[in-house]
Amino acid sequence: MNDYISWGQEYLDEAERIKRRLLVIRAERDYDIAGEQAQRVQMLYTMYLECLVTGHALQKRGRRAVS
């Protein structure tokens, strides 16, 4: 079940890319915490969390299948 482990890693890699993008957006000088950018940041943060949880769940399933 190494497929689950590698699939999970893809989700974790995507989570890391999203996290780096969030850091860039939040560091922008004209970041508007109450406007359209805030909605974008919230959506990206939600995607980040979903990728993180899914990646860990897939890897856990893969490790259980190998054991």
Side-chain angles (χ1 to χ4, degrees):
M1 289 295 137
N2 285 335
D3 290 342
Y4 282 115
I5 293 171
S6 61
W7 195 16
Q9 188 59 50
E10 288 180 30
Y11 273 91
L12 295 175
D13 293 343
E14 186 62 27
E16 188 59 35
R17 282 190 290 276
I18 293 170
K19 182 180 176 181
R20 285 194 307 264
R21 184 65 187 134
L22 281 167
L23 292 173
V24 168
I25 292 169
R26 287 179 175 157
E28 290 176 355
R29 206 167 9 134
D30 61 343
Y31 176 65
D32 177 16
I33 196 158
E36 188 175 312
Q37 272 185 319
Q39 292 175 343
R40 183 173 164 211
V41 165
Q42 183 60 43
M43 186 181 347
L44 285 171
Y45 187 67
T46 300
M47 291 169 60
Y48 163 74
L49 293 176
E50 288 177 2
C51 285
L52 205 60
V53 169
T54 302
H56 286 299
L58 287 168
Q59 286 191 333
K60 184 176 180 181
R61 177 176 278 191
R63 284 192 300 271
R64 265 190 275 141
V66 171
S67 299

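Note that these values count all heavy atoms, side chains included, but never hydrogens, waters or copies made by symmetry.
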- Item | Distance (rounded to the nearest 0.5 Å) between Leu49 CG and Thr54 OG1 | 10.5 Å

- Message: Please report the interatomic distance CE(Met43) to CG(Leu22), rounded to the nearest 0.5 Å.
- Response: 11.0 Å

- Item | Same apolar cluster: Met47 and Ile25, side chain cutoff 4.5 Å | yes

- Message: I'd like to check the side chain to side chain contact (heavy atoms under 4.5 Å, CB included) partners of Leu12; sequence neighbours left out, ordered by chain and number.
- Response: Gln9, Leu52, His56, Gln59

- Message: So which atom in Leu58 and which in Tyr4 form the shortest heavy-atom distance, rounded to 0.1 Å?
- Response: O-CB, 3.4 Å

- Are the side chains of Glu10 and Glu14 in touch, meaning some heavy atoms are under 4.5 Å apart? no

